[in-house]
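In what follows, chains carry the letters A, B, and so on, assigned in the order in which the sequence lines appear, proteins first and then strands, with residues in each chain numbered from 1.
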Amino acid sequence: MPILAPIGRGVLRFLEIAGRLALFALQGVTHAVRPPFFPREIGKQMVEIGYYSLPVVGMTAIFTGMVLALQSYTGFSRFNAESAIATVVVLSITRELAPVLAGLMVAGRIGAAMAAEIGTMRVTEQIDALVTLSTNPFKYLVAPRLIAGTLMLPCLVLVADVIGVLGGYIIAVYKLGFNPATYIKNTWDFLKTIDLVSGLVKAGVFGFLVSLMGCYHGYNSKGGAQGVGQATTNAVVSASILILAFNYVITALFFGA
Amino acid sequence: MDTSKTGPTPKVRIRNLHKRFGKKVVLEGLDLDLGAGESVVIIGGSGTGKSVLLKCILGLLEPEDGSIQVDGEEVVGLPEAERERVNRKFGMLFQGAALFDSLSVWRNVAFGLIQAKGMRPEQARIIALQKLSQVGLGSEVSELSPAELSGGMKKRVALARAIATEPEIIFFDEPTTGLDPIMGDVINDLIVQCVHTLGATALSITHDMQSARKIAHRIAMLYGGRIIWAGPTNEIAHSGNDYVDQFIHGRAEGPIRMQVRA
Ligand SMILES: Nc1ncnc2c1ncn2[C@@H]1O[C@H](COP(=O)(O)OP(=O)(O)OP(=O)(O)O)[C@@H](O)[C@H]1O
Ligand SMILES: [Mg+2]
């Protein structure tokens, strides 16, 4: 019997956190879809998430595309299946690697920044000050970040798709001596709409999750600088794990049957 | 020990307020009334729960028990949207200023005007600059960010923000702490002016008895989670209450025991 108690406690604690998180998300979404909106705040977050993440996401994409081409070449050349390289690159990038890697990069960059900013506002009573100025903190802080995260990550992933494929093309054509026209043809021929769409849906979900984790942990941080540091770490770790878990779920939904 | 004020409905009426954090009991059956247009100062030792009281009234903290009425309307446990409406009546100067560090000084001051009152930014900026000059800050600071200000300047910007929307009820949490004596007196005058010309109801917290005498119609002393004495400002010198006497004369000896270990 004494073995059951800690397990029960753990389950209860998990359910409690999940419940609080769900409530937080619900409240954030309700405020995100109902006016009044804060266009200035939404714009600021969009620039922060979309524009300033471009270099990081672009670099990740180009190197990933290059590595993919190189690796699949060393593998496929054993079976004389080099022509499949273009297909492998474009499918892996659009379906999996662009959304997941961009999501993880943005989790590190944006999730951390959001948790730190909102956490600091919490411990220095700025969130209380918002309330006394008749401004709902969910509307002013959480909703713009959720909107911007959900909209901007798909844009980033679209860019990452293009850059990733370009990375594969560079290696295939300039290092491995493929014919450029054939490579591009192979890329296009096997790419289906669902490959792109599933990747972009993933990106939207991941963007939402990153913003949600950043806001949730920041909003609930307590106890000065140490608390804010803790919130930042928690935001990045939980966002990363959720991205990987949801990646599986969405893949199963799209391609599982 | 009569803390209530007779007459029409008080602006704010607090009865039997209880607030605790875990095991630590902070407020224990507190009663207090603020009449319309009245300026009340709360005094009391550090950590007795003065700031907690203000946060309970504003709905930032949820009391365990008791009633708080604003203009006769019960506000404890009010739903979010209702709370927002009630909070439009309030202005608050936080003890730690609590300026938004992502916004410039003038946007901080204009925040309530733009967000809550829907004023156009150009127009709000003019009012913000005017409020800043009332607290002795020139237009050259208006574009700075709060991180570039000194402690006393932050406090004054926060004060300008609290009064910018000309609220009906204003809370000042230690308005003159950290200011030089002359600027402190300028702020005292400003608070008096808010009450006089705007007809605002003010509740201030201060440790500075000189400032309390200047801005208060009434002084209330918080001790042990309640108001143990409240009365007109000119009566505080002969309150007949040992706790009050010890506090206003700042004596270490007396009924109030500070929890310090040698
Ligand atoms: N968020 C909180 N969580 C836990 N305890 C708190 C919290 N806020 C305040 N307290 C406790 O409540 C008590 C009263 O705090 P409060 O800030 O109201 O003091 P105060 O009377 O304003 O003191 P000071 O004059 O130093 O500002 C303190 O003992 C403090 O430890
Ligand atoms: Mg205080």
Exercise. Between K55(B) and chain A, which part of the residue has a heavy atom less than 4.5 Å away: side chain, backbone, both or neither?
Worked result: side chain
Problem set entry | Spacing of OG1 belonging to T132(A) relative to CZ belonging to F94(B), to within rounding of 0.5 Å | 4.5 Å
Exercise. Side chain, backbone, both or neither: which part of I57(B) has an atom under 4.5 Å from a heavy atom of chain A?
Worked result: neither
Problem set entry | Pairwise side-chain contact, E84(B) with K139(A), heavy-atom cut-off 4.5 Å (strictly under) | no
Problem set entry | Heavy-atom neighbours of M105(A) CE exceed 12 at 6.0 Å | no
Exercise. Does atom OH of Y248(A) have more than 12 heavy-atom neighbours from other groups under 6.0 Å away?
Worked result: no
Exercise. Under the side-chain contact (heavy atoms from CB on, under 4.5 Å) criterion, do L130(A) and Q115(B) qualify, and how do the steps go?
Worked result: CA-CA 10 Å; L130(A) 273 180; Q115(B) 306 302 355; over 6 Å; no
Seminar exercise, completed: Nearest heavy-atom contact between A98(B) and Q126(A) is O-CG, 3.9 Å
Exercise. What are the two closest heavy atoms between S134(A) and R88(B), and how far apart are they?
Worked result: OG-CG, 3.2 Å
For this session: Test E80(B) against H31(A) for side-chain contact (heavy atoms from CB on, under 4.5 Å), laying out the working first.
Result: CA-CA 12 Å; E80(B) 205 174 72; H31(A) 282 289; 3.3 Å; yes
Problem set entry | Near-ring test Y140(A)/F100(B), centroid separation under 6.0 angstrom | no
Problem set entry | From T135(A) atom OG1 to I114(B) atom CD1, the distance as rounded to the nearest 0.5 Å | 10.5 Å
For this session: Go through I127(A), T124(A), V131(A) and name the one with the most non-hydrogen pairs under 4.5 angstrom from chain B.
Result: V131(A)
For this session: Could you pull out the closest heavy-atom pair between L133(A) and A116(B), with the gap in Å?
Result: O-CB, 3.8 Å
Exercise. Counting only heavy atoms not in F246(A), do more than 12 fall under 6.0 Å of its CZ?
Worked result: no
Seminar exercise, completed: Per-residue tally against chain A (heavy atom, under 4.5 Å) across V86(B), L99(B), L60(B), D101(B) peaks at L60(B)
Exercise. Top residue by heavy-atom pair count (under 4.5 Å) with chain A, among L58(B), T165(B), N87(B)?
Worked result: N87(B)
Exercise. Take atom CD in E73(B); do more than 12 heavy atoms of anything else shown fall under 6.0 Å from it?
Worked result: yes
Problem set entry | Rounded distance (nearest 0.5 Å) linking atom OG of S102(B) with atom CG of L141(A) | 8.5 Å
